Amino acid sequence: MVHKEDTDITRIAKDIMNQFAIIVRTARIHDPGNVAITTAIDKLIAMANPAIDSSGALTFEFIGEIFYVNRMRVGYSMEYFLNFAFLMREFKKNGLGSITMNTTLKSEDVQIFLKAFISSTFSDEPFNALMDGVAHINSFSVGPLQKIKEEKEFDTRKQVKKIYYNAVSYTKEIMNQIKSEKKIDIKKAKRIVESMVDLILQQEELLIGMTAIKDYDGYTFYHSVNVSILSVALGHKLGLNKKALTELGVVALFHDFGKMEIPQEILNKPTKLTEDDWGMMERHPFWGVRAILKFKGLNEISVRAAIVAFEHHLNYDLSGYPSVSIPMELDFYSRIVTLADRYDAMTSTRVYARIALPPDKALSFMIEKAGKHYDPLLIKFFIDMIGMLPVGTLLLLNTKELGLVFEGNATFPDKPRVLVVVDSDGKKIKGRVVDLTEKDGSGNYLRKAVKTLDPNKYNINLAEYLL
Amino acid sequence: MTAEEVIKVKHIIQTLLKAKKNIRLYPANNPIYVKTINDTFVVFDEFLNYKDELVLKIKQKEIFYGSDHVYHNPEKENNFAFFFFKDGIRELSFKKGLSKHELEGFLKSIAVDFDREAIEDDIVTLFWEMDFTNIKYIVDESFLTEDEDFETKATNEIKSKVPNVDTFMKAYSDAFNAEDVKETSIINITNEDLHLLAKEKENDLQDKTNKLLKVVLEMILQTESTAELENIYHTLKDLIIYSLENKNLPVFINIIKKAKETAENNVTPDNVKKQINLLLSSVNSEELVRHVCKILESDIDIDENFLNEYTEFLNRNAITPLIVVLGELESIHGRKKVINLLTQVGKKDLQTLAKGLSDSRWYVVRNIVYILRQIGDKRALEYIITAAKHPDIRVRKEVIWALSEFKSSSALVILKDYLNDTDILIRKVAVKALCGIGSVDAREVLLNSVPGKDFLNKELDEKKEFFAALSNWKDPETVNFIIKILKNKTFFKRLRHNENKACAAYSLGLMGNKDALPALYKLKNSKNKLLREHASAAINKIEHGT
Ligand SMILES: [Fe+2]
Ligand SMILES: [Fe+2]
């Protein structure tokens with residue numbers, strides 16, 4: 001595949017896909033013969049035909065969360081964000097992997113295609129239904145969505161774990177280096193984060209899932225990696241590019257460097273912190289800046305890392321600590337990292353004898369503080385990213401089975417993959433993964449989540465089940 | 001792998017090595033750069049058309065194609081295999097469809113001088129950012145961390161942590177009365193949100209140095225123990241260097257301004273004040289001066305006000321560094337700006353500035369003379385005079401122009417000497433300068449030089465320059481002096497004298513003085529052609545103004 005930023009064809013493709021999304025959305029409300037739809041179709045044809053003429057055919061492919069046109073990657077742009085997300089869901093729902101426009105389009109053909117596209121959604125085998133629906137028109141052909149094979153999935157899980165623990169191990173090493181005054185190697189930090197960024201771009205749910213397991217010794221190291229992952233995932237949701245995501249990930253990884261100056265006894269205190277302890281805790285943003293500025297010289301990343309280290313406990317309304325004498329607007333990355341930081345801290349037990357909150361509780365606490373503690377805009381994207389049923393949530397299904405959310409589903413947030421631990425007869429079982437998107441012969445979902453519980457309340461060792 | 005293939009791959013490696021060198025040396029618009037990209041592309045294209053894929057295995061000191069060596073180098077220095085190996089690359093493959101654009105990205109990445117440039121990326125990061133589609137690499141990440149078995153240890157630790165009490169049954173019985181799953185996602189991201197987000201991202205592109213400065217100043221204000229501020233000098237210095245490396249003069253000025261304010265603030269601890277003062281004096285160091293001058297030399301637009309503010313922070317210590325750097329700059333507009341700076345700062349210590357006159361580089365000396373001239377101080381003249389005998393005529397010329405502005409008697413003495421300079425050009429310029437001064441004393445210097453054989457033996461056009469200069473004074477005394485020359489009847493060295501007379505005629509013509517007409521008419525029919533022509537021309541000029 002040729003990679004070139006925004007060639008003419010990819011730019012036109014963006015417009016065409018956007019227009020197609022508009023048509024499908026409209027067609028969900030109106031009848032295909034409606035004027036609103038026919039004019040929209042005419043517009044689509046006007047866009048597509050010149051491109052079809054000049055390149056022979058236009059093939060839109062959807063592979064691993066990315067759209068391609070004639071084998072060239074179609075970048076997302078902010079203006080089309082919603083419609084692209086919509087199209088992705090539509091493709092996934094229909095099991096659709098590609099649409100090819102073979103010849104110059106005619107309005108009637110587009111209407112036939114549209115009808116088939118809409119009605120196939122309600123079929124048991126949507127892709128086959130769609131293929132049948134368009135079989136008699138020459139101008140369109142479709143291809144199925146390439147499913148990731150089970151084996152490959154197993155490999156990915158293994159890789160996710162490897163990358164996660166590699167990151168923690170690295171973080172532990174550099175954070176210990178701060179105390180030994182050794183120079184930090186930012187190149188390595190970038191490499192570590194790049195591998196995480198790659199995973200998040202491919203399949204973000206998996207790496208985010210790793211952050212659900214808390215309770216390790218050495219909280220700060222795991223916490224730093226979790227904050228980095230959650231920040232990058234949020235950054236991805238916000239549409240940052242690869243390079244910016246790396247920058248954000250490194251900055252997030254370094255946010256608590258200042259904690260290395262706090263004695264371990266205080267950091268891991270099982271009881272409530274004294275006032276003196278808090279005084280010490282509240283200095284860690286300062287010490288973080290100092291540690292980062294000790295790097296050899298400054299660069300784009302260390303400048304931002306220092307700013308974020310300073311600001312990550314400052315709230316959106318500038319309450320929090322350290323207090324600032326000159327009011328300043330918090331850095332964009334600071335506001336992202338703060339969300340990730342508080343969420344991870346709230347859902348962890350080890351922080352100052354606090355009881356860990358279940359993810360949904362943590363989120364609703366955060367929503368209450370939107371606009372005061374958290375950036376009201378960014379928090380929306382954050383919640384959307386975490387989803388309603390994050391990994392580790394304990395679920396009761398309508399089948400009277402009990403299970404743990406094993407892997408999120410970015411497209412259908414209420415249909416994650418679940419590890420069933422108690423079967424419908426109320427018997428404890430070894431653990432079997434089910435997918436809530438599975439349907440029976442008549443097109444009804446086999447299972448549905450009905451109740452949620454806090455796994456912390458039941459002393460459930462998530463690691464046992466998720467790793 | 002046929003022997004033929006191996007030869008081809010070896011050739012590809014050699015082509016890559018050559019390209020690595022060329023791309024580093026030449027800018028993208030250079031023909032060699034373009035040719036290198038094209039040549040390398042052809043070599044790859046040929047191979048990939050025939051094999052579809054080229055897979056290279058990277059070892060520490062060698063590169064393999066299949067089981068065959070295609071590169072080997074026992075040295076660690078400049079080792080093409082180790083270059084990839086050290087950052088974890090173990091396999092590198094190129095696939096059919098490789099575009100020129102991609103190949104160029106690849107070549108540019110491998111051409112980066114990682115040892116010299118202050119670069120925060122390794123080769124893998126550069127590749128990663130390129131997002132290649134037809135170049136793949138396999139990386140071994142294990143070298144990034146020391147603890148190879150961290151994963152096993154960590155998972156064992158966590159799994160053993162909570163006693164695996166069977167609490168699921170309890171959870172199961174509670175579950176039927178637990179909270180319902182919320183039906184819909186609460187969050188609705190609107191177009192308005194996306195719009196706001198786009199704005200946020202745009203705002204985020206701003207330079208962050210000023211923000212970090214705020215943070216650092218905040219820390220200075222809030223730190224109780226001065227020991228924590230031990231390094232504030234280095235911190236601020238790093239900020240300064242960073243802003244200068246980014247060629248951001250406004251941020252740099254802001255840093256020193258804010259630092260100065262902090263040093264002047266009563267609440268600032270003494271040791272911080274001390275460090276800041278040290279920092280402020282380092283603004284005059286050669287290192288920082290060079291940085292600033294490089295920015296001045298670049299094509300970045302710089303507001304006058306910033307330059308003025310910068311000048312305020314400079315003291316006499318900056319003079320010598322400025323002179324050193326002045327000699328290093330290549331562009332005229334860069335030198336001009338530094339000259340302006342030196343004119344401002346040089347005033348603070350003429351003696352130091354004048355040391356630049358003994359610089360070994362003639363152009364620096366010339367610039368210093370120019371600067372002293374701009375300063376215009378009486379004392380500046382004394383220093384200029386010390387350069388009067390500089391071996392390079394370009395310096396001497398500059399001295400002459402400087403002297404012509406001072407107009408004092410000591411300037412005239414030197415200018416008089418210049419009339420006998422070994423170089424005709426200098427002599428002529430000195431004449432012009434005296435003419436420019438236009439005073440009676442200046443005229444005397446010229447008049448006094450005319451009689452005598454030295455003048456008589458000068459080339460015609462130098463003489464002409466002299467008389468042209470004299471025509472500038474139109475008073476009777478000068479006119480009479482020239483007419484007297486015109487009427488000269490010496491036989492001895494007649495040709496030479498005729499030249500003098502022709503020049504005199506020329507001068508009178510320029511003056512346009514009618515009193516000279518009778519004497520000129522007498523020469524109109526001279527046997528000497530030169531004289532005849534000049535006399536006629538002068539008459540025409542006086543009578544018709546042409
Ligand atoms: Fe923190
Ligand atoms: Fe934190």
Side-chain angles (χ1 to χ4, degrees), chain A residues 1-4 78 81 161-162 165-166 169-170 173 186-188 190-192 194-195 213 215-217 238 243 286 289 293 297-299 303-304 306-307 310 322 324-326 328 331-332 377 380 383-384 388 394 396 402 413 421-422 426 428 449-453 458-461 463-464 467, chain B residues 99 101-102 118 120-122 124-125 128-129 131 133 141 144-147 150-151 154-155 157-159 161-162 164-172 174-176 178-182 185 187 189 191 193-194 196-198 200 204 208-209 211-212 214-215 218-219 221-222 235 238-239 241-242:
Chain A
M1 285 182 203
V2 187
H3 175 78
K4 234 168 134 200
M78 238 22 240
F81 182 87
K161 275 168 70 179
K162 199 173 146 200
Y165 287 108
N166 221 12
S169 173
Y170 168 79
E173 276 167 36
I186 214 163
K187 287 184 192 174
K188 276 192 184 177
K190 274 192 182 178
R191 287 280 296 272
I192 293 282
E194 279 160 17
S195 59
I213 305 161
D215 274 345
Y216 294 95
D217 286 342
L238 299 174
K243 213 180 156 189
F286 282 84
V289 177
L293 293 182
L298 287 177
N299 53 59
V303 167
R304 292 207 91 158
I307 293 170
F310 185 83
V324 280
S325 51
I326 320 154
M328 47 172 120
D331 191 72
F332 187 51
L377 176 68
K380 285 189 172 186
I383 289 160
D384 196 41
M388 36 191 307
L394 204 49
L396 183 71
L402 184 76
V421 284
V422 178
K428 179 139 195 285
V450 287
K451 304 272 184 185
T452 58
L453 290 108
Y458 301 98
N459 253 351
I460 288 163
N461 183 355
E464 175 82 8
L467 288 179
Chain B
S99 69
H101 176 77
E102 251 182 305
E120 299 299 333
D121 299 322
D122 64 12
V124 176
T125 295
W128 185 79
E129 284 172 3
D131 247 340
T133 38
E141 302 275 6
L144 293 172
T145 59
E146 280 153 27
D147 191 349
F150 184 82
E151 181 178 339
T155 42
E157 173 222 309
I158 185 83
K159 282 187 180 176
K161 188 142 281 177
V162 183
N164 195 23
V165 205
D166 200 355
T167 52
F168 276 124
M169 296 321 289
K170 167 94 176 83
Y172 189 63
D174 288 354
F176 294 89
E179 267 177 66
D180 286 340
V181 171
K182 293 177 200 86
S185 173
I187 294 308
I189 292 165
N191 273 321
D193 290 337
L194 294 175
L196 287 172
L197 178 62
E200 282 280 4
D204 190 53
K208 304 285 170 190
T209 329
K211 181 68 185 278
L212 181 55
K214 273 190 188 173
V215 166
E218 204 55 69
M219 284 170 70
L221 280 175
Q222 294 190 28
T235 302
D238 281 349
L239 270 173
I241 300 284
Y242 181 66

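Bear in mind that the values here come from a model prediction, so they are computed numbers and not experimental data. Residue numbering restarts at 1 for every chain, and letters A, B, ... go by the order of the sequence lines.
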Report summary line: What one should report as the nearest heavy-atom pair of Gln222(B) and Pro322(A) is OE1-CB, 4.0 Å
**Report entry** Closest contact, heavy atoms only, Tyr165(A) versus Ala154(B)
**Finding:** CE2-CB, 3.6 Å
State the [atom1]-[atom2] distance between [X] and [Y], to the nearest 0.5 angstrom.
| X | Y | atom1 | atom2 | result |
| --- | --- | --- | --- | --- |
| Ile307(A) | Leu212(B) | CD1 | CG | 5.0 Å |
| Leu293(A) | Leu239(B) | CG | CG | 7.0 Å |
| Glu120(B) | Lys190(A) | CD | NZ | 6.5 Å |
| Leu396(A) | Phe176(B) | CG | CZ | 5.0 Å |

Query raised in the report: At a heavy-atom separation under 4.5 Å, does Leu402(A) approach chain B through its side chain, its backbone, both, or neither?
Result: both
Report task. Check each atom of Ile326(A) against the heavy atoms of chain B and say whether the ones under 4.5 Å are side chain, backbone, both or neither. Result -> both
Requested in this report: Give the intermediate values and the outcome of salt bridge (charged side-chain N to carboxylate O under 4.0 Å, His left out) for residues Lys451(A) and Asp174(B).
Outcome: CA-CA 10 Å; Lys451(A) 304 272 184 185; Asp174(B) 288 354; over 6 Å; no
Quick one: are [X] and [Y] in side-chain contact, heavy atoms under 4.5 Å?
| X | Y | value |
| --- | --- | --- |
| Phe310(A) | Glu218(B) | yes |
| Asp193(B) | Leu377(A) | yes |
| Tyr172(B) | Lys428(A) | no |
| Leu298(A) | Ile241(B) | no |

Query raised in the report: With sequence neighbours excluded, what pairs up with Lys162(A) under the side chain to side chain contact (heavy atoms under 4.5 Å, CB included) test?
Result: Glu151(B)
Query raised in the report: With no hydrogens and no angle check, is any side-chain donor or acceptor of Lys208(B) less than 3.5 Å from a backbone partner on Val303(A)?
Result: no
Report task. Identify which one of Lys187(A), Glu194(A), Lys243(A), Arg191(A) satisfies the side chain to side chain donor-acceptor pair (under 3.5 Å) criterion when paired with Thr125(B). Result -> Glu194(A)
Report task. Check side chain to side chain donor-acceptor pair (under 3.5 Å) between Lys211(B) and all other residues, then give those that pass, not counting sequence neighbours. Result -> Glu311(A)
Requested in this report: Among Val289(A), Asn299(A), Ile192(A), Ile186(A), single out the residue with the greatest number of heavy-atom pairs under 4.5 Å to chain B.
Outcome: Asn299(A)
Query - From CA spacing to verdict: side-chain contact (heavy atoms from CB on, under 4.5 Å), Asp180(B), Thr452(A) - result: CA-CA 6 Å; Asp180(B) 286 340; Thr452(A) 58; over 6 Å; no
